[in-house]
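A, B, ... follow the sequence lines: proteins, then strands. Residue 1 opens every chain. Values below: all heavy atoms of this structure, side chains included; hydrogens, waters and symmetry mates excluded.
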Amino acid sequence: MKAFLLEVEPSARRGQSGVRLFLKTPGGKSVAAFAPFEPYFYLVPNGDISQAAVQIMAVKALSRNEMIGVKRTEEIERNAFGNATKMLKVFTHAPGHVPALREECKAFGQSYEHTILFTRRFVIDSGLVPGALAEFELDEHKTVKSWKNLPPEEAFATMPPLRTLTFDIETHNPGGISRPEKDPILMVSYSADDGEGVITYAKSAVGKKFVKLVKGEKEMLEAFVALVKEKKADLICGYNSDEFDLPYMMERASKLRTDFNIGRGKKGRVTLKKLGLRRRARVAGRIHFDAFSPASFMDFTGTVKFPRLTLGAVYETLSGDKKIDTDKTAIWKAWDAGGEALAHLFDYSLADSRACRKVMEFELPLEIAMGRVTRMTLFDVSRTTPGQMVESLLMRRAFERGEIVPNKPDYSTVQARLDDQIQGAYVKVPMPGVYENIAVFDFRSLYPSIITSHNIDPFTLNCSCCGDDAFVAPTGSKFCVKKKGIVPETLEKVLDERTSLKAKLKKLEKGSTEYKLTDAHQWALKILANSTYGYLVYSRSRYYSRECGEAITALARKYIQDTMADAEKAGFEVLYGDTDSCFLLLGSQKREDAEAFRHEVNKKLPGRMELELEDIYPRGIFVSKKQGEKGAKKKYALINAAGAIKIRGFELVRRDWSLVARNTQRKVLEILLKEGDLPKAKDLVRGVLEDLRGGKMPLKDLAITTQLRKSAGSYDIMSPELSAVQKAKAAGVRVEEHALIEYIITKQGKTISEKAQLLELAKDYDADYYVNNQLMPAVLKILGALGVDGEDIKTKSSQKSLGDW
DNA sequence: GCGAGCAGCGTACCT
DNA sequence: ACAGGTACGCTGCTCGCG
């Protein structure tokens, strides 16, 4: 039968160890199958291998009050870090036995791959691709007899037909933050494929047809359990439901002495696990998908940038619609009040489930694609980090190559790596000013292309086979030219596949499912390619190599600097460059000359390295640093032939500047780049200046947004945002840890910190501060590049025009 | 006791 | 949270001066 592999759980049948596979047929049928599978790890013995095999069979360990031992061993050969090595594959009776037995086996040698989770182990060894369609042969007991992957055209073309249900809870919160031991859940809203609603025990549905009334909180939870079963949801989804909704519902259920078994199977339990700092909730037999994690992942990787990671902000960014909002601190009041307020609360709750559905639907194609590429199940991949993705991909490749996976570093190794920074990119200091005809070149996927083109890999480093033939990096490190390393090989496949998917994309119909999936697939590959360098120098990496990291960045610096030198030889003036880019002034030369230059550079570049001409900009502006004459790096604005402005680094792109400063800076920039009308820009600033001084500016436009990234108690110095938060807390306003803080500089107080108040508590604003510390610095940043000073603006209107341009 | 100068903290951004 | 490079506001210290 053909089916999508959705999830893998540890299982056992009649004492036989194995995994339960959750399969979904293209027709929508759910099947739980059993596949026998033995847990194991590798041991490279210190001494004689046969003797070690005998000794290991006698090892005993205590696990959960039970004496356990090794099931059997196999003598095998694997490549360990570049060398063929004889070792033992040590099998255990149960997955849970691995840690204790591995501990006992330390005496006989070095163990490997003992921390790879059993279900992950199964996915790697089976070759199955989570989220993809495959062929399974089952017997009458639903035991998997065999399986076969299908060709990509078939395996990846469609989404698994998942039945989904999103949900959201509202809780009573008279004390500010809801406490699950005291504060009841008021309502549960949901959005399923074929219906939506709110379950509650309010006194009245206040005319809302979608509200289903039950007797009490306990009955409400029971009704929700019944609902999930009735809808046969394969995937249930909340927003931050790992940390909030599910743990809260579980605690309430246990308090109310009822079961909260929303899963499938005999028990159908929900289990909470702490992984690092985060909690995660697993639902037996279903996929619990927390839409928050993918949103935060997409924001981090730049797939989609969100202004904030709240459900509302994410939904609004993705849909363009506004979501119904409510005062969260007043939820309990609305509940107690009933009537209109309660009716609004019902609407709000349902809107959250609907919004969550939209967000989930947006996220699923990328998550499915990421799971297929990295061979992680949807549960895992939706909670993953770029580092884990690269690791997962490399572990599977290691298996294919018959290589041992290096162990994770211990704590002190991680610390040592963190303390030992690697020199990074080169950034050229620009000359401040306004320029015309700027050609911007950049290297396509610079770090990935350096890695593949020079075979940079922890185990091709200083190989024993190449001698003087080896490639020598500027750092002196040598890299094998005969055998491809695991990292370059993996990366090359990622880049090649992405190239072919992008070609395929051009032929597909935009908006079709296949287009969406193919696009998601190539994005997943892009994220992987961009994360590979980072993974090589990531302190907790299994494939960490300082030498590789240094070689990559040294080569990057060399290539970009060589390109700049070549550009000067070709008669261009080099204006600026950052990491992989090179900004040239065309001067009297034309686009053809720029193309010819690119062509010349590319002729010399090795492998898949390539310089691209990003665009030619008719006009651009670079500014000086606040201190000194030199140009500021990472701050510029360019306008292309179509009139689109590209802005980097300026205050106007930073959320920790007030809207008034940001908007005015943006307008000044636009006037100068589009019209070149300096007097108009100055007049604009004068207008804003007057409004500010007149006290007319709405406080909303003056708020400065910043995050308290550390916990509130651990700061060494007082900052305005911290001071504002402290004052707000003293006034009884609750502020969550790591919250985004919006504050105003008011008239009350001496220092800036003393003057700072949360937006919601501020009554007035300090006009002098906003003029001198916000508006003027922001606009002078731009106008200063044209020789304008502050007094020029503060005094009367100027008639001088920008005849030069 | 006070203001100027400056180092360092902390945040957000760029590639 | 994959990395390092960078700008810059603000605080809080040191130092020189009176």
Starting at atom [atom1] of [X], determine the distance to atom [atom2] of [N], rounded to an integer number of angstrom.
X: A:Phe306; N: B:dA12; atom1: CZ; atom2: P; value: 18 Å
X: A:Asp299; N: B:dC14; atom1: CG; atom2: P; value: 13 Å
X: A:Arg540; N: C:dA1; atom1: CZ; atom2: C1'; value: 10 Å
X: A:Gln707; N: C:dA1; atom1: CD; atom2: P; value: 15 Å
X: A:Ile647; N: B:dA12; atom1: CD1; atom2: C1'; value: 16 Å
X: A:Lys305; N: C:dA1; atom1: NZ; atom2: C1'; value: 11 Å
X: A:Glu742; N: B:dT11; atom1: CD; atom2: P; value: 16 Å
X: A:Lys710; N: B:dC9; atom1: NZ; atom2: C1'; value: 8 Å

> Contact class for A:Val653 (heavy atom, under 4.0 Å): base, sugar-phosphate, or nothing?
Replying inline: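 Sugar-phosphate only.
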
> A:Tyr636 near the nucleic acid: base, sugar-phosphate alone, or nothing, with a heavy-atom cut-off under 4.0 Å?
Replying inline: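 A:Tyr636: backbone/sugar contact only, no base atoms under 4.0 Å.
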
> side chain to side chain donor-acceptor pair (under 3.5 Å): which pairs involve residues 300-313 of chain A, sequence neighbours left out?
Replying inline: A:Thr301-A:Thr303

> In chain order, what residues pass the side chain to side chain contact (heavy atoms under 4.5 Å, CB included) check against A:Lys408, with sequence neighbours excluded?
Replying inline: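 Only A:Glu391, A:Arg542 meet the side chain to side chain contact (heavy atoms under 4.5 Å, CB included) criterion with A:Lys408.
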
>> Quick test of your reading: applying salt bridge (Lys or Arg N to Asp or Glu O under 4.0 Å), list the pairs with at least one residue in residues 718-729 of chain A, sequence neighbours left out, ordered by first then second residue.
In response: none

N/O donor to acceptor pairs below 3.5 angstrom from side-chain atoms of residues 699-707 of chain A, sequence neighbours left out:
{"from": "A:Gln707", "atom 1": "NE2", "to": "A:His738", "atom 2": "O", "distance (Å)": "3.0"}

> For every nucleotide of nucleotides 2-9 of chain C, 5' to 3': is a protein heavy atom under 4.0 Å from its base (B), only from its sugar-phosphate (S), or from neither (-)?
Replying inline: BSBBSSSS

> Counting just side-chain N and O atoms, does A:Tyr715 come under 4.0 Å of either OP1 or OP2 of B:dT11?
Replying inline: yes

> Between A:Ser296 and C:dA1, does any side-chain N or O lie under 4.0 Å from OP1 or OP2?
Replying inline: no

>> For the CZ atom on A:Arg540, are there more than 12 heavy atoms of other groups (residues, nucleotides or ligands in this structure) within a distance under 6.0 Å?
In response: no

>> Ring-plane angle category for A:Phe622 and A:Tyr636, please: parallel below 30°, perpendicular beyond 60°, tilted otherwise.
In response: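 Rings of A:Phe622 and A:Tyr636: parallel, as their planes differ by under 30°.
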
>> Tell me every residue that passes ring pair (Phe, Tyr, Trp, His ring centres under 6.0 Å) with A:Tyr544, counting only those two or more places apart in sequence or in another chain.
In response: none

> What residues form a ring pair (Phe, Tyr, Trp, His ring centres under 6.0 Å) with A:Tyr543, not counting sequence neighbours?
Replying inline: none

> At how many degrees, to 10°, do the end axes of the helix from B:dG1-C:dC17 to B:dT15-C:dA3 meet when each uses five pairs?
Replying inline: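 That helix has its two terminal axes inclined by roughly 20°.
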
Extract all donor-acceptor atom pairs below 3.5 Å that involve side chains of residues 451-460 of chain A and protein atoms in other chains or at least two apart in sequence.
{"from": "A:Thr452", "atom 1": "OG1", "to": "A:Pro448", "atom 2": "O", "distance (Å)": "3.4"}
{"from": "A:Thr452", "atom 1": "OG1", "to": "A:Ser449", "atom 2": "O", "distance (Å)": "3.3"}
{"from": "A:Ser453", "atom 1": "OG", "to": "A:Ser449", "atom 2": "O", "distance (Å)": "2.6"}
{"from": "A:Ser453", "atom 1": "OG", "to": "A:Arg608", "atom 2": "N", "distance (Å)": "3.2"}
{"from": "A:His454", "atom 1": "ND1", "to": "A:Ile450", "atom 2": "O", "distance (Å)": "2.9"}
{"from": "A:His454", "atom 1": "NE2", "to": "A:Tyr559", "atom 2": "OH", "distance (Å)": "2.9"}
{"from": "A:Asn455", "atom 1": "OD1", "to": "A:Gly485", "atom 2": "N", "distance (Å)": "3.0"}
{"from": "A:Asn455", "atom 1": "ND2", "to": "A:Cys480", "atom 2": "O", "distance (Å)": "2.8"}
{"from": "A:Asn455", "atom 1": "ND2", "to": "A:Lys483", "atom 2": "O", "distance (Å)": "3.0"}
{"from": "A:Asp457", "atom 1": "OD1", "to": "A:Phe459", "atom 2": "N", "distance (Å)": "2.7"}
{"from": "A:Asp457", "atom 1": "OD2", "to": "A:Ile486", "atom 2": "N", "distance (Å)": "3.0"}
{"from": "A:Asp457", "atom 1": "OD2", "to": "A:Val487", "atom 2": "N", "distance (Å)": "2.6"}
{"from": "A:Thr460", "atom 1": "OG1", "to": "A:Asn455", "atom 2": "O", "distance (Å)": "2.7"}
{"from": "A:Thr460", "atom 1": "OG1", "to": "A:Asp457", "atom 2": "N", "distance (Å)": "3.4"}
{"from": "A:Thr460", "atom 1": "OG1", "to": "A:Asp457", "atom 2": "O", "distance (Å)": "3.3"}

> Start at the 5' end of DNA chain B and walk down; is the nucleotide closest to A:Ser581 or to A:Leu740 reached first?
Replying inline: A:Leu740

